[in-house]
Amino acid sequence: MTWDIRPCASIEEFAEAIGVIGHYFGGWPGDLERAQQFARNLPLERVHAARDGDRIVGGAGAIPFRLTVPGGVVDCAGVTVVGVVPTHRRRGILAEMMRVQLDDVRRRGEPLAALWASEEGIYGRFGYGLASLAGEIELARSHSGLRAPRAEAARTRLVTLEEAKSVVPPIYDRVRAVTPGMFERSADWWETRNLADPPDRRDGAGEKNAVVLALDGRDAGYALYRLTQKWEAGSSIGYVTVIEAMGDEPVATREVWRFLLELDWMASVKASLLSVDHPLLHLLRYPRRMKMRLADALWCRLVDVGTALSARTYASPDPVVFEVTDAFLPENGGRWRLADGRAERTDADADLALDVSELGSVYLGGVSFGELLRADLLRELTLDAAARADAVFATGVKPWCPEIF
Ligand SMILES: CC(C)(COP(=O)(O)OP(=O)(O)OC[C@H]1O[C@@H](n2cnc3c(N)ncnc32)[C@H](O)[C@@H]1OP(=O)(O)O)[C@@H](O)C(=O)NCCC(=O)NCCS
């Protein structure tokens, strides 16, 4: 069966379409106020609704992002609010929505799509590959000491969320510029998401706090965090939840984390969505104590293989020829030669045969061809092809997406 899938044409349709995923969060179907706020970051026509008669039974959105990739920035569809009502599940609606959405993304000229998956088993079949990891930690205050002494030049100050709107975004932008996997945030995005603090999103914790770290008077780092204060047998068992913390240079990162790790009364610090190569591992005297757990973060999909591969930079101009299969978007399939940072169609013999989802995995530099080879996910057609491709795709930094969208 084929379903009637079209972009939303009114805020009421939009509210109903995003309300489908809202059902799984406990319910906000048709909530117009929430929809108006969502629409500040997600244009109405970027949400596709699946209809059964006059009822909307599925929704899938794509935020028009500018995403940092190695050596550049690309237009990227940030796939979000994907859901199908439970009465219509497993009847092919998601598959149909993904097809219509990817066709639309391609038509708009966005060469890349990216998402956070609610469940890891869903998106591989649509050509998405696991492209970055995120770490979650819980560190007891008793073992949170840093190896390096405090920087004399460092000063912290608490700011209101209103003040943060002008101070924090430029710091984020400097980190974003050099970190694959981070996306541009508009003023609306900051206001409605990162610097908003609706009481129903506090989950039992206190209000959202913002701290800014200056080095020699220059604002160089910040953290957004909450405190949860609890007492047991007369002692505090409270903890800090780090929402986001970063610095635009190593000392700033270290000192903003020192602030978080030294907060009085707090028995522990919890953080998630940390980059897999986060410097804390090397900053802490007892790194094992942060008990870092890793999980999949961004999933990437090359919507237009040639344009996407040509949009990032490479560590070497050496040629690599890929034989790509793409069952979902067959126009991507075939042989591609990457050389001097440009990817073009070719008849030359291929070095590596792989699915487009595997190209999505290596694209941001978070996964190597060697890892995929050892997982039997690609085939080497010439000697040491995976190692040669890794030398071309090498980046100095792991991708990091600090926010689920
Ligand atoms: C996940 C969800 C969107 C799937 O929608 P659906 O219309 O039932 O999916 P489809 O019938 O189109 O399934 C397409 C394929 O995906 C598979 N699939 C669907 N949901 C899956 C899941 N949660 N895990 C693994 N595979 C899944 C189906 O088995 C089918 O496989 P096939 O290609 O081998 O036939 C829907 O169940 C839902 O809304 N879940 C709760 C919200 C959610 O998780 N949304 C995703 C946010 S990232």
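Ligands are counted one by one from 1 in listed order, and the atoms in each one are counted from 1 as well.
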May I ask you to identify the nearest protein heavy atom to [atom], giving residue, atom name and distance to one decimal place in Å?
| atom | result |
| --- | --- |
| atom 11 (O) of ligand 1 | Gly92 N, 2.8 Å |
| atom 37 (O) of ligand 1 | Arg90 NH1, 2.9 Å |
| atom 1 (C) of ligand 1 | Ile122 CD1, 3.7 Å |
| atom 43 (C) of ligand 1 | Ser118 OG, 3.6 Å |

Q. Stepwise, does the side-chain hydrogen bond (donor to acceptor under 3.5 Å, both in side chains) test hold for Asp188 with Ser186?
A. CA-CA 5 Å; Asp188 275 336; Ser186 64; 5.2 Å; no
Under 4.0 Å to a heavy atom of [X] - the qualifying atoms of ligand 1, by number:
| X | result |
| --- | --- |
| Arg89 | 8 (O) |
| Gly83 | 39 (O) |
| Ala95 | 12 (O) |
| Tyr123 | 46 (C), 47 (C), 48 (S) |
| Leu94 | 4 (C), 5 (O), 6 (P), 7 (O), 9 (O), 10 (P), 12 (O) |
| Gly121 | 25 (C), 26 (N) |
| Arg91 | 11 (O) |
| Val82 | 43 (C), 45 (N), 46 (C), 47 (C) |

Q: Give a yes or no on whether Tyr24 atom OH has more than 12 heavy-atom contacts from other residues, nucleotides or ligands under 6.0 Å away.
A: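 Yes.
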Q.
Classify the ring geometry of Tyr225 against Phe259: parallel below 30°, tilted from 30° to 60°, perpendicular beyond 60°.
A.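 Plane angle over 60°, so perpendicular.
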Mode of [X] contact toward ligand 1 - side chain, backbone, both, neither (heavy atoms, under 4.0 Å):
| X | result |
| --- | --- |
| Ile21 | side chain |
| Glu119 | side chain |
| Arg125 | side chain |
| Glu96 | neither |

Q.
Looking at non-hydrogen atoms alone, which of Trp299, Tyr24, Phe126, Trp116 comes nearest to atom 41 (C) of ligand 1?
A. Tyr24
(Q) Among Val85, Val84, Val57, which one puts a heavy atom closest to atom 38 (C) of ligand 1? (A)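 Looking at heavy atoms only, Val84 sits closest to atom 38 (C) of ligand 1.
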Q: Check whether the ring centres of Trp189 and Tyr172 lie less than 6.0 Å apart, and answer yes or no.
A: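 They do not qualify: ring centres at least 6.0 Å apart.
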Q. Less than 4.0 Å between a side-chain N and a carboxylate O, is that true for Glu255 and Arg258?
A.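 Salt bridge present between Arg258 and Glu255.
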Q. Would you call Arg108-Asp104 a salt bridge at under 4.0 Å N-O?
A.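 Looking at Asp104 together with Arg108, the answer is yes, because their closest N to O distance falls below 4.0 Å.
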Q. Just checking, Arg125 and Tyr123: is the charged tip under 6.0 Å from the six-membered ring centre and within 45° of the axis?
A. no
(Q) Set out, in order, the CA-CA distance, both residues' side-chain angles and the distance that settles ring-ring contact (aromatic ring centres under 6.0 Å, His included) for Trp257 and His278, then state yes or no. (A) CA-CA 11 Å; Trp257 274 93; His278 200 286; 5.4 Å; yes
(Q) Measuring only between side-chain heavy atoms, which start at C-beta, is Leu102 closer than 4.5 Å to Phe328? (A) yes
Q | Passing option when Ser236 is tested against Arg141, Gln229, Lys230 for side-chain hydrogen bond (donor to acceptor under 3.5 Å, both in side chains) | A | Gln229
Q | Sub-4.0 Å protein heavy atom next to atom 35 (O) of ligand 1 | A | no
Q. Less than 4.0 Å between atom 13 (O) of ligand 1 and some protein heavy atom, yes or no?
A.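 So atom 13 (O) of ligand 1 lacks protein heavy-atom neighbours under 4.0 Å.
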Q | Donor-acceptor contact below 3.5 Å, side chain Asp31 vs main chain Glu33 | A |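 Yes, the answer is positive, given that a donor and an acceptor are paired below the 3.5 Å cut-off.
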Q. How far apart are the C-alpha atoms of Arg388 and Thr382, what are their side-chain angles, what is the distance that settles it, and do they pass the side-chain hydrogen bond (donor to acceptor under 3.5 Å, both in side chains) test?
A. CA-CA 10 Å; Arg388 282 187 286 112; Thr382 55; 2.7 Å; yes
